[in-house]
Number of protein chains: 2
Amino acid sequence: MSIDAISRIRRFNRAVTAEVGALDTSFLGRGRPLGSARVLNAIGHGRGEVGAIRDYLGLDSGLLSRLLRGLEEEGLVVTLPHPGDARRRVAALTEAGRREFSAYEALSNDRAGDLLARFPKGEELLRAMDLVATALGRDRIAIEEADPRGEPARHCLAAYYAELGRRLSTGFDVALSRDPEAADMMRPRGAFLVAVSDGLPIGCVGLKGKGGETAEIKRLWVCPSARGLGLSRRLMEAAEAAAREIGIAVLRLDSNSALTEALALYRRTGWVEIDRFNDDPYPDFFFEKRL
Amino acid sequence: MSIDAISRIRRFNRAVTAEVGALDTSFLGRGRPLGSARVLNAIGHGRGEVGAIRDYLGLDSGLLSRLLRGLEEEGLVVTLPHPGDARRRVAALTEAGRREFSAYEALSNDRAGDLLARFPKGEELLRAMDLVATALGRDRIAIEEADPRGEPARHCLAAYYAELGRRLSTGFDVALSRDPEAADMMRPRGAFLVAVSDGLPIGCVGLKGKGGETAEIKRLWVCPSARGLGLSRRLMEAAEAAAREIGIAVLRLDSNSALTEALALYRRTGWVEIDRFNDDPYPDFFFEKRL
DNA sequence: AAAAATAACTGACTTAAGTCAGGTGAATGT
DNA sequence: ACATTCACCTGACTTAAGTCAGTTATTTTT
């Protein structure tokens, strides 16, 4: 490791520190100290409860109180008692606060847009950023249950179908496959899990139940930039845990021989190959696992 | 641009802000405010002159003075008058200062090493970081003259030779090619230029003269992560400017048909194809340009 | 029902960081 | 030779950020 690994990472750090500093400076342009701006943005991004803001920004309780008072005096924020617990308080943006929040959003978005516009190799840059963000934030990848019809799930599923289309020699058309009803992938019959890294969905898996003691695993997908980190394994474990919770005894899944990593994972984690159990045109491998 | 481009960049920003913050916090662990630590590190990295430190860190003159006094009182730094101009002062680390500096270096390096060790896809991550750093720092890419035998030049040349080996169907062995004498690529006969981004060499070009009014362009190379940004054009322009300075009237170069981007660049920028002018085994294209 | 725990708050601090108006001695221009 | 410019310095500020002990109103525990 001479001019390489370490110095490449440190060069990256310098470049990125400068960028972060520049964004902070642009935030200062709205005439408000950074601390207040960060609180305003935390509220704008849906963090209403005072305790949640404190945790997210790592602020002292006294300091946050004062920052909130400041924003209230500016007329940007109101705080109300928490409906279920009168000790806590919930902050919300006023109309003026929402305008101010949008202005900060616009600053961030413009910077991001500029960067992309200035750099000729946009998609390549985005992929590199995804990879770096995943590497830096990998302890913060959370697996959450989500509505299979919601925006994060749809984002994953669209990527999943696109990838199947590329990888299956036959192409892939959702309409021809047995598209699970959303209700089959929601409690109490099933579940849909999304892996989220810093707010961006980067993987998913569906557990499709029919109310009986058998359920199917569907739509296991991990974003290319997050592969090789054991995320599909974590997703499968979470899906199995959810299956146990709703009283499933036997899990099944179908897959395609083109998806070699997936097949290897199933074999490694206790799944056994069984006979075809449906007449879906795409799968050619069928597995079962008893919980 | 829904869940895409902009939100991917902003996710990257969040991940990276957290990382930068964590590094700063680890620096705080040595019991010194960040400002002092940054000054100490700037000196350790060879920025001795007070004015240079000020520019680099963007500090107010008074503030820097005080920080320097503080470091002097700690016994980490001494400042001496500038040898050629007694108004200026030059700061240098004492023995204790060098120890302290190494401790900061170790903190940075450990963080970088940890990241690499934790992430299974190391080389891929490094390439992604290079690309992002280049994209963020592209206005800061500087073209500098360097000793062709120095570390930055050797780093570029090694990468250049390796790439030729991959791209030429015949492979490439430096010993068989006419390796220019270093003195031919230094003033007053020639020059060697290196493109530096944030301290890391990412491209080079050699101007090889024999003392006459003809010179050759050699060893044009740009790091893969920095391609597509017009850097080779900038390098060539800088080489031509250097050639004019040392009184060259005619430039020549040889190239290989496998290096298509290079050939396209030469044709676009006023070079004309000429007959073979050497018996080097690798090139099969020969160009000339009158200045 | 009283005691303990909790969430947010207020007041009284400290520290870091930055600004700005001079001041000193050395170099430079005419 | 003199005024001007320059590089760094000191003193006197301001602001932002953060700490900490103690208060109040509420909820939870016993």
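Within every chain, numbering begins at 1; the chains are lettered A, B, ... in the order of the sequence lines, protein sequences first and strands thereafter.
Both B:G58 and A:V90 sit near DNA chain C, but only A:V90 has its closest nucleotide nearer the 5' end. Mapping B:R54 and A:G62 onto DNA chain D via the closest heavy atom, the residue that lands nearer the 5' end is B:R54.
Between A:L67 atom CG and D:dG18 atom P the separation is 9 Å, expressed in whole Å. In this structure, A:F27 places its CZ atom 14 Å from P of D:dA17, rounding to the nearest Å. Remark: P of C:dC9 and CD1 of A:I53 are 10 Å apart, rounded to the nearest angstrom. In this structure, the CG atom of B:D60 is 18 Å from the P atom of C:dA16, given to the nearest Å.
For B:Y56 and B:H45, the ring centers sit 6.0 Å or farther from each other.
The two atoms that bring B:P201 and B:H155 nearest to each other are CG-ND1, 3.6 Å, heavy atoms only.
B:R66 comes within contact range of at least one nucleobase, with a heavy-atom separation under 4.0 Å. Among the heavy atoms of the strands lying under 4.0 Å from A:L59 are primed sugar atoms or P, OP1, OP2 only; no base atom is included. Backbone-only engagement by B:L34 is indicated by non-hydrogen atom pairs under 4.0 Å involving sugar-phosphate atoms exclusively. Using a 4.0 Å heavy-atom criterion, one finds that B:D85 contacts the sugar-phosphate atoms exclusively.
Note: A:F27 and A:Y104 have tilted aromatic rings, judged against thresholds of 30 and 60 degrees for the angle between ring planes.
Within the 4.0 Å cut-off from OP1 or OP2 of D:dT26, not a single side-chain nitrogen or oxygen of A:R88 is found. Put simply, A:R69 has a side-chain N or O that comes within less than 4.0 Å of OP1 or OP2 on C:dC9.
With salt bridges taken as basic N to acidic carboxylate O contacts below 4.0 Å, one links A:R11 and B:D130.
The side chain of B:R87 sits closest to C:dG25 out of D:dA17, C:dG25, D:dC8.
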